[in-house]
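Comments concern the structure below.
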Number of protein chains: 2
Amino acid sequence: MSHSLHQSLAARGYRLTAARRAILDTLLDSGGHLTADELTDLVRGRSAGIGRMTVYRTLELLCGLGLLRPVYQGTGAAHYVLMHDGHHHHLVCSGCGRVIEFDECALGDLPARIAGRYGFRVEGHLLELYGVCVECS
Amino acid sequence: MSHSLHQSLAARGYRLTAARRAILDTLLDSGGHLTADELTDLVRGRSAGIGRMTVYRTLELLCGLGLLRPVYQGTGAAHYVLMHDGHHHHLVCSGCGRVIEFDECALGDLPARIAGRYGFRVEGHLLELYGVCVECS
DNA sequence: CTCTGTGCAAAGGATTTGCACTACG
DNA sequence: CGTAGTGCAAATCCTTTGCACAGAG
């Protein structure tokens, strides 16, 4: 499990450097939902001397491979979420801005229907539900 | 149809100024998928003298009302998409970055199940499918 | 009339280059 | 060894404030 990201990189011919290893490990341990800066700080706590740009570039690389996804949670910096098993599901509260993850995947045969209709091969997805959480009701 | 946004604002006590009217009309006509800057240019073509910040503030307002949503398409500026009828569906190609909209909504009774489990009232959603389009295969 | 909304300019952040240097494979 | 990857600093770009003025209700 903690090797899937590393192997995904290696398998595509990308080098597994110390910096990338630290970034990947931090991402996996943190569970996602981090900005680039938050991630940089965490990475540096684990392995000093890693530059902000290396973090940015690694994030960009992972996004290009479909393993990570930037989401815009209102204001400020982009948050990056891991696409565990190719998908990710959010509940976003309009009141307090809180983000809750949930696992239930209700897509059914939609990917197959999309493939049939648009010739589009679906590899992953992000579903965000917007509304109001219990506390904000 | 072209009045739903205007009425949503008016009904909540927001003023329907000339600038907001122009921005709302442009948004509706363009079909969405615009950055703030692209929208500003379009708005100015229709009604000169409208400032960039007015556009930003109107976008922020609409996002707060759940009528619009910022999405992060890779790099650069945020793209804003209209939440027609509270939902929006994307096909995003990892190859060329193209974004295709589709209408099929496959959520079924998920909102009801989420409400039961998390006490979260679902008002809208964004579904993004990632993969490879026909041309990039 | 009053208070919300607007526009400008300037500040504040986040992200991105350019380039010499390091180290993975 | 050669090339992909790194780190720093500076540049660039997007977005947000502060404040005086205009216009909607």
Side-chain angles (χ1 to χ4, degrees), chain A residues 3 5-27 33-44 46-65 68-80 97, chain B residues 5-27 33-44 46-65 68-81 97:
Chain A
H3 283 157
L5 281 183
H6 304 65
Q7 288 174 352
S8 295
L9 285 197
R12 309 201 203 198
Y14 295 103
R15 294 189 181 169
L16 255 189
T17 64
R20 284 185 178 163
R21 237 183 286 262
I23 293 168
L24 265 41
D25 289 343
T26 307
L27 262 180
H33 290 234
L34 295 169
T35 65
D37 261 355
E38 290 166 350
L39 180 59
T40 302
D41 288 345
L42 285 178
V43 168
R44 282 176 168 164
R46 173 186 302 239
S47 170
I50 291 182
R52 205 192 329 283
M53 2 264 66
T54 302
V55 173
Y56 273 108
R57 281 184 284 229
T58 304
L59 289 174
E60 187 188 5
L61 175 61
L62 293 175
C63 286
L65 297 177
L68 195 69
R69 188 73 200 169
V71 302
Y72 210 56
Q73 326 237 73
T75 191
H79 287 64
Y80 291 84
Chain B
L5 281 183
H6 304 66
Q7 288 173 354
S8 295
L9 285 197
R12 309 201 204 198
Y14 295 102
R15 296 191 178 166
L16 256 190
T17 64
R20 283 186 179 161
R21 238 183 286 264
I23 293 169
L24 265 41
D25 288 343
T26 308
L27 262 179
H33 290 233
L34 295 170
T35 66
D37 261 355
E38 291 165 350
L39 180 59
T40 301
D41 288 345
L42 285 178
V43 168
R44 282 176 167 163
R46 172 184 303 238
S47 168
I50 291 182
R52 204 191 332 283
M53 9 263 55
T54 302
V55 173
Y56 273 108
R57 281 185 283 228
T58 303
L59 290 174
E60 187 187 6
L61 175 62
L62 294 175
C63 286
L65 297 178
L68 196 70
R69 187 75 201 169
V71 302
Y72 210 56
Q73 327 236 74
T75 192
H79 287 64
Y80 292 85
V81 301

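Every chain is numbered from 1 and lettered A, B, ... according to where its sequence line falls, protein lines coming before strand lines.
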I need the [atom1]-[atom2] distance between [X] and [N], as an integer number of Å.
| X | N | atom1 | atom2 | answer |
| --- | --- | --- | --- | --- |
| Leu16(A) | dT3(D) | CG | P | 21 Å |
| His79(A) | dA14(C) | NE2 | P | 11 Å |
| Tyr56(B) | dC8(C) | OH | P | 15 Å |
| Glu60(B) | dT15(D) | CD | P | 12 Å |
| Ile50(B) | dC8(C) | CD1 | P | 11 Å |

inquiry  = Regarding Ala18(A), tell me which of base, sugar-phosphate or nothing describes its non-hydrogen contacts under 4.0 Å with the strands shown.
reply    = nothing
Whichever of Thr17(B) and Ala77(B) has the more 5' nearest nucleotide on DNA chain D, that residue is Ala77(B)
Note: for Met53(A) and Asp37(B) on DNA chain D, the residue whose nearest nucleotide lies more 5' is Met53(A)
Under 4.0 Å from OP1 or OP2 of dT15(D): is there any side-chain N or O of Tyr72(A) that close? yes
Presence of Arg52(A) side-chain N/O under 4.0 Å of dT6(D) phosphate oxygens OP1/OP2 = no
message = Is it the case that the base of dT6(D) and the side chain of Arg57(A) share a donor-acceptor contact (distance under 3.5 Å, atom types as modelled)?
response = no
Minimal heavy-atom distance between Arg15(B) and Arg20(B), with the atoms involved, is O-NH1, 2.9 Å
